[in-house]
Colleague: 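Mind looking over this structure? Questions follow.
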Amino acid sequence: MELLPEAARIRRGVVRLNRRLRQERGDGSLSANQLYVLGHLHRHGSATPGEVAAAERQRPQSLTRVFAELEAEGLIAREPGTVDRRQSVLSLTEAGRRALERDMAERDAWLSGALTSLSPTERGVLELAAALMERLADAEV
């Protein structure tokens with residue numbers, strides 16, 4: 001399938017913005033996978049490692065080290081499942097919530113400043129585009 005011309009431009013814009021947001025994170029920030037796990041638990045609540053991995057389209061084994069690091073740092077808690085005690089359930093700790101908020105605050109500060117350079121109309125277009133990108137991210141083609 002050939003990439004539509006507007007798709008290539010959108011992809012370039014998203015990649016550049018994502019790169020810039022990563023640059024705005026301070027030293028010692030959480031890794032991308034750590035952020036993903038904490039963000040998933042923050043948005044969806046407690047989950048098994050398999051559920052977290054499936055949402056990111058990864059295998060649980062790929063995130064084993066990340067889960068262990070976050071647990072060792074006290075950012076997530078691991079408890080036996082209530083239905084199947086062999087299965088663990090991960091949950092976000094208060095320290096994990098604060099770490100996630102700190103990490104996001106650095107990028108949010110830059111983004112807020114950058115958005116002030118745009119007109120209200122341009123910001124409205126970005127709000128609409130964000131909603132559309134959320135829909136695209138969930139699309140099953």
Side-chain angles (χ1 to χ4, degrees), residues 1-118 120-141:
M1 176 181 226
E2 188 174 323
L3 188 63
L4 298 171
E6 61 269 20
R9 185 169 185 218
I10 291 166
R11 181 182 60 200
R12 280 193 307 273
V14 169
V15 167
R16 286 194 65 218
L17 181 58
N18 190 30
R19 185 178 302 131
R20 180 61 191 265
L21 286 169
R22 278 195 315 266
Q23 291 170 348
E24 294 303 321
R25 296 174 61 224
D27 293 335
S29 295
L30 299 163
S31 73
N33 274 338
Q34 289 174 326
L35 273 175
Y36 173 74
V37 171
L38 294 179
H40 179 87
L41 295 175
H42 178 72
R43 286 186 309 278
H44 302 287
S46 298
T48 66
E51 291 167 340
V52 174
E56 179 62 7
R57 295 192 171 152
Q58 292 190 41
R59 295 175 44 205
Q61 300 87 331
S62 303
L63 293 174
T64 299
R65 184 177 51 85
V66 174
F67 296 141
E69 291 168 352
L70 292 171
E71 186 178 18
E73 293 174 26
L75 303 181
I76 64 171
R78 184 187 307 251
E79 298 173 1
T82 55
V83 175
D84 182 351
R85 310 248 338 136
R86 296 170 296 173
Q87 190 172 47
S88 61
V89 175
L90 307 173
S91 57
L92 186 64
T93 65
E94 184 60 28
R97 186 189 59 73
R98 285 192 310 270
L100 181 60
E101 287 173 353
R102 265 191 317 276
D103 200 278
M104 290 185 328
E106 295 170 350
R107 289 169 291 146
D108 289 350
W110 174 83
L111 186 56
S112 291
L115 287 171
T116 62
S117 70
L118 302 178
T121 301
E122 289 170 321
R123 287 192 301 272
V125 169
L126 281 179
E127 283 187 62
L128 177 59
L132 293 173
M133 285 190 275
E134 287 286 334
R135 281 184 36 208
L136 286 174
D138 293 333
E140 295 294 332
V141 180

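We use all heavy atoms of the structure for the numbers below, so side chains are in, but hydrogens, waters and symmetry mates are not. FYI, the numbering just counts along the sequence from 1.
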Colleague: With no hydrogens and no angle check, is any side-chain donor or acceptor of E51 less than 3.5 Å from a backbone partner on T48?
Modeller: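 Looks like yes, one N/O pair under 3.5 Å.
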Colleague: Using the test side-chain hydrogen bond (donor to acceptor under 3.5 Å, both in side chains), find all partners of E73 that sit at least two apart in sequence or belong to another chain.
Modeller: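 Here no residue qualifies.
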Colleague: Is the shortest heavy-atom distance from the side chain of R11 to the side chain of V14 under 4.5 Å?
Modeller: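 No; the side chains remain at least 4.5 Å from each other.
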Colleague: With sequence neighbours left out, write down each residue that passes salt bridge (charged side-chain N to carboxylate O under 4.0 Å, His left out) with R43, or none if nothing qualifies.
Modeller: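 With sequence neighbours excluded, R43 shows a salt bridge (charged side-chain N to carboxylate O under 4.0 Å, His left out) to no residue whatsoever.
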Colleague: What are the two closest heavy atoms between I76 and T93, and how far apart are they?
Modeller: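 Looking at all heavy atoms of both residues, the closest pair is C-CG2, 3.6 Å.
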Colleague: Evaluate the side-chain contact (heavy atoms from CB on, under 4.5 Å) criterion for residues L111 and E24: first the C-alpha distance (whole Å), next the side-chain angles of each, then the deciding distance (0.1 Å), finally the verdict.
Modeller: CA-CA 9 Å; L111 186 56; E24 294 303 321; over 6 Å; no
Colleague: Determine which pairs satisfy side chain to side chain donor-acceptor pair (under 3.5 Å) with at least one residue from residues 128-141, sequence neighbours left out, and list them in order.
Modeller: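 Listed once each, the pairs are R57-E140.
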Colleague: Going by salt bridge (charged side-chain N to carboxylate O under 4.0 Å, His left out), name the residues that satisfy it together with R78, two or more places apart in sequence or in a different chain.
Modeller: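 E71.
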Colleague: The criterion is side-chain hydrogen bond (donor to acceptor under 3.5 Å, both in side chains); which residues satisfy it with E122, sequence neighbours excluded?
Modeller: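 Per chain and number, E122 pairs via side-chain hydrogen bond (donor to acceptor under 3.5 Å, both in side chains) with S119.
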Colleague: State which residue, out of L100, L92, L70, fulfils the side chain to side chain contact (heavy atoms under 4.5 Å, CB included) condition with L41.
Modeller: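 When side chain to side chain contact (heavy atoms under 4.5 Å, CB included) is applied between L41 and each of L100, L92, L70, only L92 qualifies.
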Colleague: With sequence neighbours left out, what residues match R65 under salt bridge (charged side-chain N to carboxylate O under 4.0 Å, His left out)?
Modeller: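 Result, salt bridge (charged side-chain N to carboxylate O under 4.0 Å, His left out) vs R65: E69.
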Colleague: Got P49 and S88 here, is their nearest side-chain heavy-atom distance under 4.5 Å?
Modeller: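 P49 reaches S88 side chain to side chain.
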Colleague: Taking all atoms of both residues into account, what is the closest heavy-atom pair of V52 and A47, and its distance?
Modeller: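 Closest heavy-atom pair between V52 and A47: CG2-CB, 3.8 Å.
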Colleague: Which residues pass the ring-ring contact (aromatic ring centres under 6.0 Å, His included) test with H44, not counting sequence neighbours?
Modeller: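 Result, ring-ring contact (aromatic ring centres under 6.0 Å, His included) vs H44: H40.
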Colleague: For E127, is the CD atom crowded, meaning more than 12 foreign heavy atoms sit under 6.0 Å from it?
Modeller: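 At most 12 heavy atoms, drawn from other residues, nucleotides or ligands, come within 6.0 Å of this atom.
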Colleague: Of all the heavy-atom pairs spanning L38 and L75, show the shortest one and how long it is.
Modeller: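 Minimum heavy-atom contact is CD2-O, 3.9 Å.
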Colleague: Just grab all the salt bridge (Lys or Arg N to Asp or Glu O under 4.0 Å) pairs involving residues 103-117, residues at least two apart or on different chains.
Modeller: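 Salt bridge (Lys or Arg N to Asp or Glu O under 4.0 Å) check on residues 103-117 returns R25-D103, D103-R107.
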Colleague: Taking side chain to side chain donor-acceptor pair (under 3.5 Å) as the cut-off, I'd like each qualifying pair that reaches into residues 109-118, sequence neighbours left out, listed once.
Modeller: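 As it turns out, there is no side chain to side chain donor-acceptor pair (under 3.5 Å) pair with a partner in residues 109-118 once direct neighbours are skipped.
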Colleague: How close do Y36 and A55 get, heavy atom to heavy atom, and via which atoms?
Modeller: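 Closest pair (atom of Y36, atom of A55, distance): OH-CB, 3.1 Å.
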Colleague: What residues, two or more places apart in sequence or in another chain, satisfy side-chain hydrogen bond (donor to acceptor under 3.5 Å, both in side chains) together with E79?
Modeller: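 E79: no side-chain hydrogen bond (donor to acceptor under 3.5 Å, both in side chains) contacts found.
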Colleague: Where is the tightest heavy-atom contact between G50 and P60, given as atom of each residue plus distance?
Modeller: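 Smallest interatomic distance, heavy atoms only, reads CA-CG, 3.8 Å.
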Colleague: Just wondering, more than 12 heavy atoms not from R22 lying within 6.0 Å of its CZ?
Modeller: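 For R22, atom CZ is crowded (more than 12 foreign heavy atoms under 6.0 Å).
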Colleague: Going by side-chain hydrogen bond (donor to acceptor under 3.5 Å, both in side chains), name the residues that satisfy it together with R19, two or more places apart in sequence or in a different chain.
Modeller: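 For R19 there are no side-chain hydrogen bond (donor to acceptor under 3.5 Å, both in side chains) partners, ignoring immediate neighbours.
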Colleague: For R98, give me all partners under salt bridge (charged side-chain N to carboxylate O under 4.0 Å, His left out), at least two apart in sequence or on another chain.
Modeller: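 If we apply the salt bridge (charged side-chain N to carboxylate O under 4.0 Å, His left out) test to R98, skipping adjacent residues, the hits are E94.
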Colleague: What distance separates Q61 CD from F67 CZ, expressed to the nearest 0.5 Å?
Modeller: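 Answer rounded to 0.5 Å: 10.0 Å.
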Colleague: Passes side-chain contact (heavy atoms from CB on, under 4.5 Å), R9 versus R12? Steps please.
Modeller: CA-CA 5 Å; R9 185 169 185 218; R12 280 193 307 273; 3.7 Å; yes
